[in-house]
Amino acid sequence: MSVALTDPSSLDTVDYDPIGHLNLLFAHPASVSSVNRVSQTLQSQQNDLAAEISALESAQAYKPDSSLERMQSAQTELSQLFRKIETVRSRAIETEENITSMTADIKRLDGTKKNLTLSMTALKRLQMLTTAYEQLRGLAKTRQYRDCAGLLQAVLQLMKHFNSYRSIEQIATLSREVSELQRELLEQVCEDFEMAFAKAEVSSKRGMLVEACLVMDALGDSAKSRLVTWYVNTELREYRQVFRGNDEAGSLDNIGRRYAWFKRMMKTHEDEHAVIFPAHWQVNEVLATAFCDGTRDDFKGILERSMRRTDGAKVDVNLLLSCLQETLDFEQSLEKRFSNEPRASIDTLSSTEGKTYAFSGLISVAFEPYLSLWVDSQDKQLASMIPKYRSQPLISADDEFSPQAVIQSAIELFHFYKLTLSQCAKLSTAERLLDLSRILAKYLDEYAQQVLLHKLQASGQALPPIQDCILVLNTADFWHVNTNQLEENIKKRIDPELVGKVDLSSQSDAFLGVASASVLALVQLVEQDCEGVWREMKNTNWSTMETAGDQSSYVGELVRHVNNKTEEILAVVGKQQYARAFCDNLVEHLATNYINNIVQCRPISETGAQQMLVDKYALTKSFGPLILYHNPSPTPQPPPAGFVRRVEQSMGRIDPLLKTLQIRPSPPEGLVQAYLIHIGDKSDTNFRKILELKGVRKSDHAHLIELFGIHREGGGNDKLVQSSPLLTPLMATTSTLSSTTAVGGTMSAAAALTGAATGGRGFDAGALGEKLLSAARDISTASTAMPSGSEKATINENLRNFGKFFRRDIGGLGARFGKRDGSMGAEGEQR
C-alpha cells in the first residue's frame, strides 16, 4: 500500500488504469480504513502538479523570445502585408482604367466595322435581288423556264432576308413586285399547259412543259396542286361526259367499259404525259385516285336510284355480284401496280398532304350497303343445296369405301363455306359478315339434321349398314372440328366489336350429337346380331336349375357374336376416341340388356341366380379386351386399365340384383335383410319385383312385405334411398317417346331423353342415343302434323343437347385418347 502511494510515476504512465489502481489500493476489506491517507496523498499530488504548471506558464510568458513577443511581431507583419495588398489593388484599378481608355476607340471601330459589313452584305443581297428580279422578268417573257426555275428559287431565298425590312418603302415595293411576278409566272405556265393540250401540241412543246413544271415546283405546293388538279380534270373530262351524261353507258352493265377507258387513258398518260411531270408528284396515283373517287360516287347514285325504282326493275343480284367482282379485280390491279413503285417521303408529297394511296375498297365500298342482297343469294343457294345433298348416295358407285372417307357433300359444302367467307370478308367485315355467319350456322344445323341424321334413318326401322354409320361418323367429326375452326376464322376477320356475337358452339355440339348417334347405331348393330343369343338365355329354365357350374352355353355364343361384330366395326373406326366411346357404350348397353333379360327369365331360383352371377363374371372378363380390336398390335397387349374398370363398373350394376336373388325366401328375415343390404331402398314396389323375380307365391307376398316394412323402419337403416335406380325401371311399361316430343308437350324432348337415359344412375349414352333416334323418326313421321320450323328446331335442340352429353361422356378420354378437335393425344398414339 505505502509503495503504491509514494510512487507518483504510476499516475504519469500513458496507459494508466484508474480502476486497476484502485483495486490494487483496496485489495482487501481491511484496506478501507486507509481511504483518508490515499485521498490526502492524491490531493498533495494534485497541488504539486498545479504549482509546477503555474511556474511553467510564468516562465513561458516573460522569458526572452516568449510567445507574447512572437504574437506582437506577427500582428505587425500582417499590417504591413495588408498595406501592400491595398497598394497592388489600387494600381490594378488604375491600370484597368488606363487600358479601357486606350481600347475604347478600338471597340468603336469594331462596331463600326460590323455595321459596315452588314450594310455591305444587305446592299449586295439587295443588288443581287434586284438584278435577279430583272433577269427573271426577262426570262419569264421569253419562257426560258429552266433558268426561271433556278433564278426564282434564288429570288425567293433572297427575299427571306428582307422580311424584317418591309417597313422600308423601297423594300416593300420590291416585295410586291416579286409577288406579282410569281403570280404572272403561275398564270403563264397554266396558260401554256392549257394551250398545249387544247391545240394537241404536247409532243412539240414537251421540253418547255417539263421546264415549266420546275417553275411550278419552285412556286410551291399551291401552284403544283393547281396544275395537277387541272391536269386530272382535263384527263377525266371525257370520262365524266360519257359515263355520267349517258344512262346507258353509265349503267352497271357497262362497268367493264369504265375500267377499259381508264386503262387506255393511263396508257396515254404514261406514253405521252408522265415524262412531263416530276416523279415525286405521283401524278399517276393522283389520277387513279380521282378516277376511283368519281366512279365510286357514280355507283352510289346508280345503286340508290335502282333501289328506289317502283317498277320492280331493281338491281339483279348476279349483275351486282359480277360488277362487284370486276371492281375488286380492278382495285387489286391498282394495288399491285402502284405498290411496286417507289414512294417519296412525306415532306415531298406536300401537295397531297403526305398521303399514300390505298386502292383497296376505294370503289367497292359503294356496294357495301347492298351486300344484304348477296347474303340473301347465298341463303337461297344453300337452301337449294341441302335437298340435293339429302338425296345423294353416301358414296358414289365409282368410289370405294375407306375408313377415313368423308361424305362428298361435306367436302363440297366446306369449300363453298370457305369461298363465301373469303368473298364476304373482302367486301365487309361489319354487319354483313355477321349476317353471313348466321346463315352459315343455319345451314350447318340443316346439314346435321336433314342430311347426316337422315342418312342414319334412311333405312326406316332397319338399322343402317356399318359403312353408312362410319361415313356419317367421319363426316360429323369432320364438321365438328371445322365448325370450331370456322368460328375462329370469322372472329379473326370480323370487326372487334362484333366478335362476341359470333358463336357456332351449338352447331359444333349438333355435329357431335350426330357422331354420338352414329356410334350408338354401331352399338345397335352389335346388339341386333346378339338377339338370337338372348333368346337362348330366355329359353333356359332358371327356376329348376339344381346346381351352378361353369358358364352357360349362351355366354360363349354371346361373346363370339360380340367379338366378331366388334372386330368388324373397330376395323373401320378411324379415331381412338370414337372406338373407346363405342366400346364403353357397347358394354353399358350389353349390361342393360342383361338386366332386362334377367327380368324376362323369371321365375329365377337361388341356383339360377348363382349361375347368372357366374355368367356375369365370365362376360365381364370377356368384354375387357374389346378395345384391343381397334388398331390391333401384332404382339399380345393387356387391355387398358381404364377400360377394364369401365367394364367392371358397367357389369357390376347387375351384382346387387343377382346377390339378392340368391337368398332363399325362407327364413323371410334373411331375404329382407339381403334386400336392404344389396338393393338398399324403401320401396314396397321394388321389393315386390324381387318377389316376382324369385317366383314367390302371391299368398306369401303380404307377410314378406309387412316384414320388409318393419325392418326398413328399424334402427341402422337411415341410409336407405327412397327408390333404387336399378329396380325402378324394371318391368315398367315401355312407351314410345313420340308423346314427349310433341309440340304441345310440357317437357322438352331433351329432358325426356335425359331422364330416360339416366334413370338416376348417371349418363347412359346407349339409352339416350336409342331414344334420340326414335324421337327423330317419330318427329319425321309426324312432320305433316306440325310446322316444319318447329320440327327442325326440336331435332336440332336434341342434337345439341345430346352432343353436350356425349362430349361430357368422352371428356375423360381427352387426355388419354384425343382432344376436342379430334386429334390423337400422346397416350392414344402410343396405344
Side-chain angles (χ1 to χ4, degrees), residues 520 523-524 526-528 530-540 542-543 545 548 551-552 554-555 557-559 561-562 583-623 626 646-663 674-675 677-681 683 685-695 721 723-735 755-771:
L520 297 173
V523 171
Q524 287 182 319
V526 178
E527 186 60 26
Q528 185 183 53
C530 298
E531 288 180 357
V533 181
W534 294 124
R535 283 195 296 270
E536 180 183 348
M537 176 186 176
K538 288 182 286 186
N539 291 334
T540 302
W542 298 95
S543 62
M545 193 169 293
Q551 65 185 35
S552 303
Y554 78 90
V555 173
E557 192 68 15
L558 177 64
V559 170
H561 279 271
V562 170
C583 292
D584 286 347
N585 285 285
L586 175 60
V587 172
E588 186 72 20
H589 202 240
L590 291 172
T592 301
N593 278 344
Y594 195 83
I595 294 174
N596 293 334
N597 281 282
I598 288 174
V599 174
Q600 299 184 40
C601 291
R602 64 181 183 272
I604 303 172
S605 67
E606 293 76 20
T607 304
Q610 186 177 357
Q611 182 63 49
M612 286 184 176
L613 198 58
V614 172
D615 296 344
K616 192 275 300 183
Y617 289 138
L619 290 174
T620 301
K621 184 177 180 180
S622 300
F623 292 159
L626 284 177
R646 181 68 179 262
V647 172
E648 293 173 350
Q649 180 184 2
S650 298
M651 298 299 292
R653 293 191 292 114
I654 310 172
D655 290 351
L657 175 61
L658 294 179
K659 288 180 179 180
T660 304
L661 293 177
Q662 286 185 91
I663 306 302
Y675 180 90
I677 292 173
H678 298 302
I679 306 299
D681 74 359
S683 173
T685 302
N686 288 342
F687 184 69
R688 186 178 286 108
K689 291 177 182 179
I690 293 293
L691 299 181
E692 291 178 357
L693 285 176
K694 291 184 66 62
V721 298
S723 182
S724 168
L726 174 66
L727 292 186
T728 300
L730 295 184
M731 294 182 289
T733 304
T734 57
S735 61
T758 58
R761 299 186 307 273
F763 177 66
D764 184 346
L768 180 55
E770 223 175 35
K771 296 189 180 301

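Predicted model, so just to flag it, every value in this text is computed and none were measured.
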Under 4.5 Å between any side-chain heavy atoms of [X] and [Y], yes or no?
X: Phe687; Y: Thr660; answer: no
X: Arg653; Y: Thr592; answer: yes
X: Tyr675; Y: Asn686; answer: yes
X: Val562; Y: Cys530; answer: yes
X: Leu658; Y: Ile598; answer: yes
X: Lys659; Y: Asp655; answer: yes
X: Glu588; Y: Val523; answer: no
X: Ile654; Y: Leu726; answer: no

List in chain and number order the residues that pass side-chain contact (heavy atoms from CB on, under 4.5 Å) with [X], two or more places apart in sequence or in another chain; answer none if no residue qualifies.
X: Ile663; value: Leu671, Ala674
X: Gln610; value: Ala548, Gln662
X: Val555; value: Gln551, Ser552, Val559, Asp615, Ala618, Leu619

Minimum heavy-atom separation for [X] to [Y], with atom names?
X: Pro656; Y: His678; value: CB-O, 3.5 Å
X: Lys538; Y: Gln600; value: CD-OE1, 3.3 Å
X: Lys689; Y: Leu730; value: NZ-O, 2.9 Å
X: Ala591; Y: Ser650; value: CB-O, 3.6 Å
X: Ala609; Y: Leu661; value: CB-CB, 3.6 Å
X: Ser605; Y: Ser543; value: CB-O, 3.5 Å

Q: Only counting residues at least two apart or in another chain, list the ones meeting salt bridge (Lys or Arg N to Asp or Glu O under 4.0 Å) with Glu648.
A: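 With sequence neighbours excluded, Glu648 shows a salt bridge (Lys or Arg N to Asp or Glu O under 4.0 Å) to no residue whatsoever.
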
Q: List for me each residue that meets salt bridge (Lys or Arg N to Asp or Glu O under 4.0 Å) alongside Glu536, sequence neighbours excluded, and say none if there are none.
A: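 With neighbours one apart ignored, the set is empty.
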
Working to the nearest 0.5 Å, report the span between [atom1] of [X] and [atom2] of [Y].
X: Arg535; Y: Asn597; atom1: CZ; atom2: CG; result: 11.0 Å
X: Leu520; Y: His589; atom1: CG; atom2: NE2; result: 8.0 Å
X: Asn585; Y: Leu590; atom1: CG; atom2: CG; result: 10.5 Å
X: Tyr617; Y: Met651; atom1: OH; atom2: CE; result: 11.0 Å

**Q.** Phe623: ring-ring contact (aromatic ring centres under 6.0 Å, His included) partners, not counting sequence neighbours
**A.**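 With sequence neighbours excluded, Phe623 shows a ring-ring contact (aromatic ring centres under 6.0 Å, His included) to no residue whatsoever.
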
(Q) Using only atom types and a distance under 3.5 Å, with no angle test, would you say the side chain of Trp534 pairs donor to acceptor with the backbone of Leu558? (A)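 Looks like no, no N/O pair under 3.5 Å.
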
**Q.** Working for side-chain contact (heavy atoms from CB on, under 4.5 Å), residues Lys616 and Thr620
**A.** CA-CA 6 Å; Lys616 192 275 300 183; Thr620 301; 3.5 Å; yes

